[in-house]
Peer 1: 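One structure is given below, represented as C-alpha cells, and several questions about it will come after.
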Amino acid sequence: MKLFVFHTPELTPPNRVPDCAIAIDVLRATSTIATALANGAEAVQVFSDMAQLMQVSDQWQPDRRLRAGERGGATVEGCDLGNSPLDCTPERVHDRRLFISTTNGTRCLERVRDASTVLTAALINRQAVVNYLLDKQPETVWLVGSGWEGAFALEDTVCAGAIAHHLNSHQDTEMIGNDELIGAIALFTQWQGRLLELLQQASHGKRLLRLNAHDDLKYCSQLDALTVLPIQQEPGVLKKH
Ligand code: MLT
C-alpha cells in the first residue's frame, strides 16, 4: 500500500485519482457525516454548490430530508442545520437523507469523487478507516485534507497522521509514501495526548470558538469514538459501509 497525504484538495496531482481516496475535514464536515450516519441517517449527499443542493433536495419529501449548509463556520439561511455534528441526533436524522454543503469539506469530496473507493475520515472514526485499509489493502491511498480555502489545516493533517500511525503499527512492511506523510505522522505523535488542545490552537478551531462551538471541538477531538465508516455509493452520496 502506498500512502500519500495532501494538505488540501488543490495539492492533489491533477487528472489522476487513487484506488482509494479518503477525504478529511475534522472541523467539521467529515465529523458531521460520520455522526449523521452513525445516528441512522439514510445517506449523506454532498454538494459544493448551495443552489444545486436546494434544487436536488426539493425533489425529496420534506419529512425524509434535512438540509445542512455552512459558510465561514455559520449556518446558511434557509437550511435546517449548520454543520455541527452535535445537531445530528438520532431523533433528528433517523431515516432521513442529509443534504450538505460546507465551505471546504464538500469541495474536497468533489475533487476525489471519481476514485473507485471514496471514504471519509475524522478523528472520531479513525479506527474504522484503518480497519478498512488493513482488510482491503488498496494499492494507492490518498489522505486528502480539506484545509481552509486552499490553505493547510492542522486538524486535517493530524487526522491523516493518526490514520497512518495506526496503520503502520499494524503492518510489518515499511510504509511507502510522500514527505507529507512523514510530517503528518510526526504531528500526530507530538500531539496525540492533547488533540483538543491542538484543535483549539488551529485557526479554524479559533474561528469556531468565536462562534461558541466549544462543544463541537471537544466532540471532534475524540479519537475512535464511533465505529461507522462512510463510503461513497454513487458520486456524492455516502452511506454506512
Ligand atoms: C468546512 O467544510 O470548511 C468545515 O466543515 C467548516 C465548518 O466547521 O463548518
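Ligands are counted one by one from 1 in listed order, and the atoms in each one are counted from 1 as well.
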Peer 1: For A29, take its heavy atoms, then give the atoms of ligand 1 lying under 4.0 Å from any of them.
Peer 2: 5 (O)
Peer 1: For ligand 1 and L208, I'd like to know whether there is a polar contact (N/O to N/O, distance under 3.5 Å).
Peer 2: no
Peer 1: Is the contact between R107 and ligand 1 made by the side chain, the backbone, both, or neither, using heavy atoms and a 4.0 Å cut-off?
Peer 2: neither
Peer 1: Answer yes or no: is there an ion pair linking R28 with E70, defined by an N-O contact shorter than 4.0 Å?
Peer 2: no
Peer 1: What protein heavy atom lies closest to atom 3 (O) of ligand 1? Include the residue and the distance to one decimal.
Peer 2: N104 ND2, 2.6 Å
Peer 1: Using a strict cut-off of less than 4.0 Å between a Lys/Arg side-chain nitrogen and an Asp/Glu carboxylate oxygen, indicate whether E110 and R107 qualify as a salt bridge.
Peer 2: no
Peer 1: Does H204 come within less than 4.0 angstrom of ligand 1, counting non-hydrogen atoms of the residue?
Peer 2: yes
Peer 1: Are more than 12 heavy atoms, taken from residues, nucleotides or ligands other than Q59, located less than 6.0 Å from that residue's CD atom?
Peer 2: yes
Peer 1: Do S84 and D216 have side-chain atoms, one donor and one acceptor, less than 3.5 Å apart?
Peer 2: yes
Peer 1: Do H166 and Q127 pair up side chain to side chain, a donor and an acceptor below 3.5 Å, judged on atom types alone?
Peer 2: yes
Peer 1: Only heavy atoms of T103, strictly under 4.0 Å: list the atoms of ligand 1 that pass.
Peer 2: 1 (C), 2 (O), 3 (O)
Peer 1: Which atoms of ligand 1 are found less than 4.0 Å from any heavy atom of L27?
Peer 2: 4 (C), 5 (O), 6 (C), 7 (C), 8 (O)
Peer 1: Any donor and acceptor pair, going by atom type alone, linking the side chain of R67 with main-chain N or O of L98 inside 3.5 Å?
Peer 2: no
Peer 1: Could you check atom 1 (C) of ligand 1 against the protein and tell me its nearest heavy-atom contact, residue, atom and distance included?
Peer 2: D25 OD2, 3.2 Å
Peer 1: Give the table of side-chain donor-acceptor pairs shorter than 3.5 Å for residues 144-155, with sequence neighbours excluded, one pair per line with atom names and distance.
Peer 2:
from	atom 1	to	atom 2	distance (Å)
S146	OG	I24	O	2.8

Peer 1: Is the shortest N/O to N/O distance between N83 and ligand 1 below 3.5 Å?
Peer 2: yes
Peer 1: Just checking, is any N or O donor in the side chain of Q232 or R113 under 3.5 Å from an acceptor N or O on the other one?
Peer 2: no
Peer 1: Within a distance under 4.0 Å of any heavy atom of T102, pick out the atoms of ligand 1 and give their elements.
Peer 2: 1 (C), 2 (O)
Peer 1: Could you tell me which atoms of ligand 1, counted from 1 in the order shown, lie closer than 4.0 angstrom to a heavy atom of R28?
Peer 2: 4 (C), 5 (O), 7 (C), 8 (O), 9 (O)
Peer 1: Classify the contact between E70 and ligand 1 as side chain, backbone, both or neither, using a heavy-atom distance cut-off of under 4.0 Å.
Peer 2: side chain
